[in-house]
**Q** 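Below you'll find the structure I mean.
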Amino acid sequence: MTQNQPTKLEAHQQVKLKSMEIEKAGHDALELFKSDGHQIEALRAAIKAGENLKTWMLNHRAVTTYPSTSPLLALQVILSKIRERHQFVGHRSTVRSVCFSPNQDAIATASQDGTAKLWDLQGNLLADYSGYKGNLLKGEADFVELKTPIYSICFSRDGKFLITGSQDGKVRFWPVETLDDLLVRGREWLGEKF
């Protein structure tokens with residue numbers, strides 16, 4: 001035996017430690033799944049534990065030879081019960097209202113944080129309605145940030161506006177602009193002809 005090679009006892013201890021680490025990761029993924037609001041994170045953790053087990057086991061295909069089975073159990077339980085598909089992360093406070101666009105290709109959310117947001121179905125933010133261009137003639141700032149909670153949101157029938165209802169008693173209409181609409185508006189603002 002050379003200096004750099006572990007003894008049989010050291011090798012056995014390394015195997016045992018790795019086995020315990022993988023077992024704990026599978027168990028932790030299952031516990032995370034049982035807690036509210038963490039289904040996707042739990043699935044990711046179970047997949048990582050399963051991949052670690054697979055990498056470690058290499059050619060041992062029989063489950064009876066696995067030193068750890070909690071990643072298998074975690075994946076089976078989570079995949080049989082998971083209902084969450086996407087998480088839409090971006091509001092700083094409670095989401096009070098959610099609605100689908102008329103053509104079912106976008107979702108709008110309204111929050112206690114005073115913002116309304118428009119998302120695609122995969123959870124990518126498309127627009128953030130957090131304020132409006134102020135009326136300088138009325139003494140308002142150039143941009144007025146909303147600070148009051150938004151309690152409700154819906155699309156206009158044609159899908160061209162989001163309508164929000166806020167704690168301040170105001171109903172606001174927000175334009176839902178396409179890329180073409182934004183390009184035209186940007187060019188007009190710059191005084192460019194198109």
**Q** Would you find a donor on one side and an acceptor on the other, under 3.5 Å apart, between the side chain of Y129 and the backbone of P175?
**A** yes
**Q** Carefully, step by step, assess L75 and L43 under the rule side-chain contact (heavy atoms from CB on, under 4.5 Å).
**A** CA-CA 7 Å; L75 282 166; L43 178 58; 4.2 Å; yes
**Q** My understanding is that only one of V95, D128, L162 makes a side-chain contact (heavy atoms from CB on, under 4.5 Å) with K117; could you say which?
**A** D128
**Q** Can you confirm whether more than 12 heavy atoms, excluding those of F100, are under 6.0 Å from its CZ atom?
**A**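 No, the 6.0 Å shell around CZ holds no more than 12 heavy atoms from other groups.
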**Q** Measuring from L125:CG to T109:OG1, what's the distance to the nearest 0.5 Å?
**A**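 L125 atom CG to T109 atom OG1 measures 8.0 Å (nearest 0.5 Å).
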**Q** Which residues pass the salt bridge (Lys or Arg N to Asp or Glu O under 4.0 Å) test with D120, not counting sequence neighbours?
**A** none
**Q** Are the side chains of I22 and P71 in touch, meaning some heavy atoms are under 4.5 Å apart?
**A**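 In contact.
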**Q** Please report the closest heavy-atom contact between A74 and G26, naming both atoms and the distance.
**A**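 Closest approach of A74 to G26, heavy atoms only: CB-O, 3.4 Å.
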**Q** Under a 4.5 Å side-chain heavy-atom rule over Ile, Leu, Val, Met, Phe, Trp and Tyr, are V184 and L182 clustered together?
**A**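 No, it is not one cluster - the side chains of V184 and L182 are not joined through contacts under 4.5 Å.
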**Q** Evaluate the criterion side-chain contact (heavy atoms from CB on, under 4.5 Å) for residue pair L73 and L30; output intermediate values, then yes/no.
**A** CA-CA 8 Å; L73 177 62; L30 207 47; 4.2 Å; yes
**Q** Any sub-3.5 Å donor-acceptor pair from S166's side-chain atoms to I150's backbone N or O?
**A**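 Absent.
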**Q** If we ignore hydrogens and angles and just use 3.5 Å, is the side chain of S97 paired with the main-chain N or O of I153 as donor and acceptor?
**A** yes
**Q** Going by the rule side chain to side chain donor-acceptor pair (under 3.5 Å), which residues pair with Q76 if we only count those two or more places apart in sequence or in a different chain?
**A** none
**Q** Among residues at least two apart in sequence or on other chains, which ones pass side chain to side chain donor-acceptor pair (under 3.5 Å) with S70?
**A**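 Here no residue qualifies.
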**Q** Establish, from distance only, whether the side-chain atoms of N52 and T55 form a donor-acceptor pair under 3.5 Å.
**A**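 No donor-acceptor contact under 3.5 Å links the two side chains.
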**Q** Pair H38, F33 - check side-chain contact (heavy atoms from CB on, under 4.5 Å), show working.
**A** CA-CA 6 Å; H38 300 286; F33 183 75; over 6 Å; no
**Q** Who else is in the cluster with F161 when I, L, V, M, F, W and Y are joined by side-chain contacts under 4.5 Å?
**A**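 Members alongside F161: I163, V171, F173.
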**Q** Hey, what do you get for SG (C99) to CD1 (I107), rounding to the nearest 0.5 Å?
**A**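 Going from SG on C99 over to CD1 on I107, the span is 9.0 Å.
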**Q** Taking L72's backbone N and O only, do any of them form a donor-acceptor pair with T69's side chain (distance below 3.5 Å, no angle check)?
**A**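 No, the answer is negative, given that no donor and acceptor are paired below the 3.5 Å cut-off.
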**Q** I need the L183 CG to E188 CD distance, nearest 0.5 Å.
**A**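 If I round to the nearest 0.5 Å, the distance is 11.0 Å.
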**Q** Between E41 (side chain only) and L32 (backbone N and O only), is there a donor and an acceptor less than 3.5 Å apart?
**A**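 Between the backbone of L32 and the side chain of E41 there is no qualifying donor-acceptor contact (under 3.5 Å).
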**Q** Excluding sequence neighbours, so at least two apart, what forms side chain to side chain donor-acceptor pair (under 3.5 Å) with E145?
**A**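 Testing E145 for side chain to side chain donor-acceptor pair (under 3.5 Å), a comparison that skips the adjacent residues, returns none.
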**Q** Would L121 end up clustered with V98 when hydrophobic side chains under 4.5 Å apart are linked, directly or stepwise?
**A** yes
**Q** For D28, check salt bridge (Lys or Arg N to Asp or Glu O under 4.0 Å) against everything at least two apart and list the hits.
**A** K24
**Q** Could you pull out all residues at least two apart from K18 that satisfy salt bridge (Lys or Arg N to Asp or Glu O under 4.0 Å)?
**A**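 By the salt bridge (Lys or Arg N to Asp or Glu O under 4.0 Å) rule, K18 matches E21.
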**Q** For the residue pair S111 and S93, what are the closest heavy atoms and their distance?
**A**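 Scanning both residues, the minimum pair turns out to be OG-O, 3.4 Å.
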**Q** Under the salt bridge (charged side-chain N to carboxylate O under 4.0 Å, His left out) definition, can you give me all pairs with a residue in residues 159-177, not counting sequence neighbours?
**A**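 For residues 159-177, and leaving out neighbouring residues, the salt bridge (charged side-chain N to carboxylate O under 4.0 Å, His left out) pairs sorted by first residue read D168-R172, E177-R185.
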**Q** Taking only residues two or more places apart in sequence, or in another chain, which ones meet F155 in a ring-ring contact (aromatic ring centres under 6.0 Å, His included)?
**A** none
**Q** For the backbone of T164 and the side chain of S152, can you confirm whether one donor and one acceptor N or O come within less than 3.5 Å of each other?
**A**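 Such a contact is absent between S152 side chain and T164 backbone.
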**Q** Got a sec, which residues hit salt bridge (Lys or Arg N to Asp or Glu O under 4.0 Å) with E51, two or more places apart in sequence or on another chain?
**A** none
**Q** With a cutoff of under 4.5 Å between side-chain heavy atoms, which Ile, Leu, Val, Met, Phe, Trp and Tyr residues group with W189?
**A** L190
**Q** Could I get the full list of side chain to side chain donor-acceptor pair (under 3.5 Å) partners for D158, not counting sequence neighbours?
**A** S156
